[in-house]
Engineer: 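Okay, here's the structure, questions in a sec.
So that the names make sense, note that chain A is the first sequence line, chain B the second, and so on, each numbered from 1.
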Amino acid sequence: MPAYITRRFLEAVPVLFLVITVCFFLLRLAPGGPFSHEVEIPAATLERMEAHYGLDRPLFLQYTGYLGSLLKGDLGPSYHYPTRTVNEIIRDHLPVSLELGVWGLLAALLIGIGAGITSMIRPDSWLDSIPMGAAMIGICLPTFVLGPLLVLVFSLWLGWFNATGWNTAGDRVLPALTLGLFYAAYIARLTRGGMREVVRQDFIRTALAKGLPRSVVLAKHALRPGILPALAFLGPAAAGLLTGSFVVETVFHIPGLGREFVNAAFNRDYTLVLGVVVLFAVMILLFNLLVDIAQVLLNPRQRFE
Amino acid sequence: MTSYCHPSATASRASAAFCLCLFAVVAGCGPSESPVESGIREQILHINNATDIQNLDPHTVTGLPEFHIVSALFEGLTGIDPEDMSPAPAAARDWEVSEDGTVYTFHLREDAVWSNGDPLTAGDFLFSFERILSPGLASQYAYMLYPMRGARAFHQEETADFTDVGARATDDHTLEITLDHPVPYFLSLVSHNTWYPVHPDTILAHGEIDQPGTRWIRPENFVGNGPFTLERWATGRKIEVERNPFYWDAGRIHLNEIHFYPLEPQVGERAFRAGQLHLTDPVPSERIAYYRNVRPEVFMTDDFFGTYYFRINVTVPPLDDPRVRLALSLALDREMIVDNVYGGERPAAYSFVPPGAPGYAPEPVVERNLDRGRELLAEAGYPGGEGFPVLRILYNTSEEHSAIAQLAQEMWRRHLGITLSLENTEWQVYLDRTNRLEYDIARSGWIGDYLDPYNFLNTMAGGGGNNRTGWAHSEYDALLDEIARTRDTNVRLQRIREAETLLVEEAPVVPIFFYNRMYLKHPALRNWRPTPIGYRSYKDVRLSAQD
């Protein structure tokens with residue numbers, strides 16, 4: 001296993017390098033710049049600003065300079081927020097996105113696996129069709145519709161939660177549900193499908209024939225192989241939850257990194273966009289590795305290769 | 001098919017646990033007292049500032065949201081009287097103007113101090129003027145100080161000696177500013193944040209005088225001279241300012257804290273409804289009708305010194321023909337546009353300069369006249385729109401801009417017989433395109449920096465960086481020059497009208513409507529008196545549930 005992990009890490013280096021390079025130059029191709037403003041900026045002032053950030057140097061030198069400081073862990077100054085560095089912005093906002101992602105993932109897992117198993121109790125009955133119908137709606141309903149709907153019901157009508165913010169424990173509930181329900185729907189369908197495959201197999205029939213209680217058979221023998229398809233989905237889901245929370249962060253006004261990332265792209269805050277891209281790329285590579293490892297550990301038929 | 005009557009024990013337990021957690025959270029952590037209620041009790045104002053602010057340094061900020069907070073943290077020589085919008089004493093107790101209108105002598109208040117207790121001196125102002133005019137600071141708005149003698153030369157590095165600049169401290173509390181020529185709106189101009197003082201020792205403790213982006217403005221280092229001090233700056237969450245006990249007029253500051261939130265209009269509106277905000281600005285346009293009709297007690301409108309207009313690229317034929325441009329202007333039904341998009345809550349614009357400046361009220365210089373519009377178009381060689389090329393209306397992505405562009409498109413098609421296509425781009429692309437004159441007709445807006453019509457008219461000066469239409473007119477530029485210097489208010493007003501008439505008839509710009517502020521305000525927020533340029537005095541403002 002250590003050899004496998006080392007190899008995967010080595011494979012990640014050129015991927016990262018490519019991501020950084022493509023992103024660096026793509027950003028510069030976009031029209032406008034970090035200091036574009038509706039009000040005229042005198043040419044001399046603009047030159048001073050660009051010189052202050054080293055944007056007056058040839059592009060290739062800027063690129064190598066960026067790579068150099070990146071190796072030292074310095075993601076550079078933000079162009080849009082003159083008194084802050086990208087490292088500071090990520091430090092301030094990443095934990096919020098991570099927390100939101102964890103709650104979202106938890107909601108997705110509990111609701112998804114719960115619904116998947118419920119639908120297995122009596123396949124093709126109302127216990128099956130209701131959770132699966134709900135899952136279908138969950139997949140179809142975009143977060144920018146679901147979020148305001150939840151706010152309408154639970155905060156404006158019932159008054160249980162704040163409509164926006166990230167201060168009290170209660171502020172976590174609606175965003176986590178909004179973020180998690182989409183993935184919960186997928187997980188429910190995958191769990192149901194996986195379990196249905198498994199319960200038809202001989203070892204389940206054998207276990208039942210030996211007189212084991214059905215609940216034990218389901219929980220001990222069928223669940224583990226049954227949730228494998230859902231687990232394979234968890235890698236992309238976790239990455240998506242952590243990096244794709246922009247809409248939820250906007251709807252509930254959560255000070256996470258997703259919002260900063262999208263705004264940075266609009267503001268042409270080159271270093272902030274790059275910094276977040278690098279971070280997200282590392283995280284996605286890492287999650288995929290973790291899921292691959294978990295799959296082998298859960299499924300003896302797979303090996304580290 | 002086998003069916004399993006017993007649900008998985010693990011899963012059901014997990015589901016039950018999650019439900020329990022959910023209810024525990026709902027029952028235990030649901031807000032018992034809303035921020036609005038506790039705010040009234042503790043005099044903490046919760047206000048939506050609509051966007052994440054970039055910076056709070058008065059010498060480098062450029063946006064209105066920033067100015068809302070900066071005007072709580074710093075105080076200039078003059079402020080704005082919220083009653084009549086005239087310049088009012090602030091850090092300066094009073095002032096004298098020389099006979100020829102070129103020398104202003106400001107007398108600073110003896111009791112004005114910085115938030116660390118240091119006295120505020122005339123020397124602090126000199127330091128501040130030198131700082132913002134230093135080329136190295138790269139302040140985008142440094143040109144606001146150009147009326148001061150020698151300021152332009154110093155900023156453009158023609159001289160490195162700050163004593164060449166027309167600012168002098170005759171003693172600790174007397175500041176003398178010499179101008180190049182009389183500037184009738186000078187007292188309004190010095191209320192702009194670029195003229196605000198900064199604390200020299202604090203600036204120098206964190207870098208050079210002209211070093212941009214230093215940390216002096218962080219809450220832990222902050223020293224200001226305004227009614228509030230900066231206590232917390234959590235980007236993306238909120239900015240908290242606290243009452244400054246050293247402020248010379250602290251007796252009139254009743255709020256203990258103000259919390260500024262950076263919420264999008266839709267989010268802010270939901271937060272207002274949920275009792276989290278005392279004020280949210282702006283109201284999403286789709287909610288205007290609801291609030292005006294159902295909850296008029298919280299729906300407010302105020303003047304705002306801004307105009308929404310179409311820019312016309314006069315370098316593109318047939319838009320190089322003033323008759324064509326005027327025809328476009330004459331064919332617009334501005335009332336219908338504001339009715340459709342803003343429920344009639346914004347005034348249609350028949351001139352360029354918005355209301356709000358003291359001593360000035362807009363007078364219509366263009367009207368809707370379809371016959372004349374068709375005539376002009378025919379004279380220009382396009383009778384009934386025949387042979388007119390397909391032009392594009394450019395706007396940056398926004399539902400409001402899109403709706404306005406569609407209405408204009410339809411009006412021009414129906415009344416003039418010409419076809420236009422719509423083109424929507426993101427903000428940066430839009431800026432880039434208008435700067436390079438790569439457009440035919442573009443949606444535009446201008447928000448004033450100081451309360452004088454010159455601020456608007458000057459944007460259309462020939463060759464100016466804010467013009468962006470390719471239009472230049474020597475007669476207009478001559479009028480501008482006179483408006484900039486004339487002290488006789490009647491003559492000046494006359495010239496302003498002449499310039500406006502010329503501008504609107506030449507039509508490089510087609511005014512559509514005047515902006516106003518539409519916001520939601522909790523009834524407990526008292527003495528809230530905004531000004532049309534975003535300056536807020538915060539004096540006498542209090543939160544009180546009883547009248």
Engineer: What residue pairs, at least two apart or across chains, pass salt bridge (Lys or Arg N to Asp or Glu O under 4.0 Å) with a residue in residues 46-56 of chain A?
Structural biologist: A:R48-B:E157
Engineer: Side chain from CB out, backbone as N, CA, C, O: work out which of these in B:Q140 comes under 4.5 Å of a heavy atom of chain A, or both, or neither.
Structural biologist: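 It is both, since atoms from each part get that close.
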Engineer: Set out, in order, the CA-CA distance, both residues' side-chain angles and the distance that settles side chain to side chain donor-acceptor pair (under 3.5 Å) for A:S36 and B:Q428, then state yes or no.
Structural biologist: CA-CA 7 Å; A:S36 301; B:Q428 293 273 348; 3.3 Å; yes
Engineer: Salt bridge check: are A:E249 and A:R259 linked by an N-O gap of less than 4.0 Å?
Structural biologist: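 Salt bridge between A:E249 and A:R259, a charged N being under 4.0 Å from a carboxylate O: no.
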Engineer: Checking A:F35 now: which residues fulfil ring pair (Phe, Tyr, Trp, His ring centres under 6.0 Å) with it, not counting sequence neighbours?
Structural biologist: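 With sequence neighbours excluded, A:F35 shows a ring pair (Phe, Tyr, Trp, His ring centres under 6.0 Å) to A:Y53, given in chain and number order.
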Engineer: Which atoms of A:H37 are under 4.5 Å from chain B, going by heavy atoms: the side chain, the backbone, both sets, or neither?
Structural biologist: both
Engineer: Which pair of non-hydrogen atoms, one from B:Y515 and one from B:Y308, has the smallest distance, and what is that distance?
Structural biologist: OH-CD1, 3.3 Å
Engineer: With chain B, which of A:K220, A:E260, A:R172, A:R84 has the greatest number of heavy-atom pairs at distances under 4.5 Å?
Structural biologist: A:R84
Engineer: So which heavy atom on B:V70 is nearest to which on B:P58, and how close?
Structural biologist: CG1-CB, 3.9 Å
Engineer: Heavy-atom pairs under 4.5 Å with chain A - which of B:R273, B:Q211, B:R218 has more of them than the others?
Structural biologist: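 Looking at each of B:R273, B:Q211, B:R218 in turn, B:R218 comes out on top.
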Engineer: Using distance alone, with no hydrogens and no angle criterion, decide if B:Y146 and B:H155 have a side-chain donor and acceptor under 3.5 Å apart.
Structural biologist: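 Yes, a side-chain donor-acceptor pair sits under 3.5 Å.
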Engineer: Which residues satisfy the ring pair (Phe, Tyr, Trp, His ring centres under 6.0 Å) test with A:H52, sequence neighbours excluded?
Structural biologist: none
Engineer: Given the options B:N466, B:T459, B:D432, which has more heavy-atom pairs under 4.5 Å with chain A than any of the others?
Structural biologist: B:N466
Engineer: So which part of A:V151 gets closer than 4.5 Å to some heavy atom of chain B, the side chain, the backbone, both or neither?
Structural biologist: side chain
Engineer: Which one, B:A142, B:A138, B:G63, leads in non-hydrogen pairs under 4.5 Å with chain A?
Structural biologist: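 Winner by heavy-atom pair count: B:A138.
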Engineer: Could you give the distance from CZ (B:R131) to CG (B:D210), rounded to the nearest 0.5 Å?
Structural biologist: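 So the CZ of B:R131 and the CG of B:D210 are separated by 9.0 Å.
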Engineer: Name the region of B:S139, side chain, backbone, both or neither, that has any atom closer than 4.5 Å to a heavy atom of chain A.
Structural biologist: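 Just the backbone, heavy atoms under 4.5 Å.
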Engineer: Can you tell which part of B:T60 gets under 4.5 Å to a heavy atom of chain A, answering side chain, backbone, both or neither?
Structural biologist: neither
Engineer: Within this structure, what is the CG-CD1 distance for the pair A:L109 and A:I187, rounded to the nearest 0.5 Å?
Structural biologist: 5.0 Å
Engineer: Tell me, for B:W216 versus chain A, whether the close heavy atoms (under 4.5 Å) come from the side chain, the backbone, both or neither.
Structural biologist: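 For B:W216, neither part sits under 4.5 Å from chain A.
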Engineer: Any side-chain heavy-atom pair from A:R28 and A:L55 closer than 4.5 angstrom?
Structural biologist: yes
Engineer: Which one of B:T235, B:T425, B:L56 has the most heavy-atom pairs closer than 4.5 Å to chain A?
Structural biologist: B:T235
Engineer: Can you tell which part of A:V251 gets under 4.5 Å to a heavy atom of chain B, answering side chain, backbone, both or neither?
Structural biologist: both
Engineer: Given side-chain contact (heavy atoms from CB on, under 4.5 Å), test A:T271 with A:Y79 step by step and report yes or no.
Structural biologist: CA-CA 7 Å; A:T271 42; A:Y79 299 144; 3.8 Å; yes
Engineer: Is there a side-chain contact between B:I132 and B:M144 in this structure, where contact means two heavy atoms from C-beta onward sitting under 4.5 Å apart?
Structural biologist: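 SC-SC contact between B:I132 and B:M144 ruled out.
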Engineer: B:T280 and B:N48: side-chain donor and acceptor closer than 3.5 Å?
Structural biologist: yes
Engineer: Is A:T250 in contact with chain B via its backbone, its side chain, both, or neither, using a 4.5 Å heavy-atom distance?
Structural biologist: both
Engineer: With only heavy atoms counted, which part of B:L137 is less than 4.5 Å from chain A, the side chain, the backbone, both or neither?
Structural biologist: neither
Engineer: Do the side chains of A:E88 and B:R215 get close enough for a salt bridge, i.e. N-O under 4.0 angstrom?
Structural biologist: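 Counted as a salt bridge, because a side-chain N and a carboxylate O are separated by less than 4.0 Å.
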Engineer: Does the B:N455 side chain pair with the main chain of B:D449, one donor and one acceptor, at a distance under 3.5 Å?
Structural biologist: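 Indeed, once roles are kept as given, a pair shorter than 3.5 Å links the two residues.
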Engineer: For chain A, find its close neighbours in residues 263-272 of chain B: heavy-atom separation under 4.5 Å, sorted by number, or none.
Structural biologist: B:L263, B:E264, B:V267, B:R270, B:A271
Engineer: What option among A:V39, A:D92, A:L156 has the most heavy-atom pairs under 4.5 Å with chain B?
Structural biologist: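 When all of A:V39, A:D92, A:L156 are compared, A:V39 has the most.
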Engineer: Answer with side chain, backbone, both or neither: which region of A:N263 has an atom nearer than 4.5 Å to a non-hydrogen atom of chain B?
Structural biologist: neither
Engineer: Among A:R268, A:M49, A:H93, single out the residue with the greatest number of heavy-atom pairs under 4.5 Å to chain B.
Structural biologist: A:R268
Engineer: With chain A, which of B:Y430, B:Y143, B:Y141 has the greatest number of heavy-atom pairs at distances under 4.5 Å?
Structural biologist: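 Ranked by contacts with chain A, first place is B:Y141.
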Engineer: Given heavy-atom pairs under 4.5 angstrom as the criterion, report whether the side chain, backbone, both or neither of B:R468 touches chain A.
Structural biologist: side chain
Engineer: Examine whether an atom of B:Y261 lies under 4.5 Å from a heavy atom of chain A, and if so say whether it belongs to the side chain, the backbone or both; otherwise answer neither.
Structural biologist: neither
Engineer: Among B:L431, B:I217, B:D57, which residue has the highest count of heavy-atom pairs closer than 4.5 Å to chain A?
Structural biologist: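 If we count pairs closer than 4.5 Å to chain A, B:L431 comes out on top.
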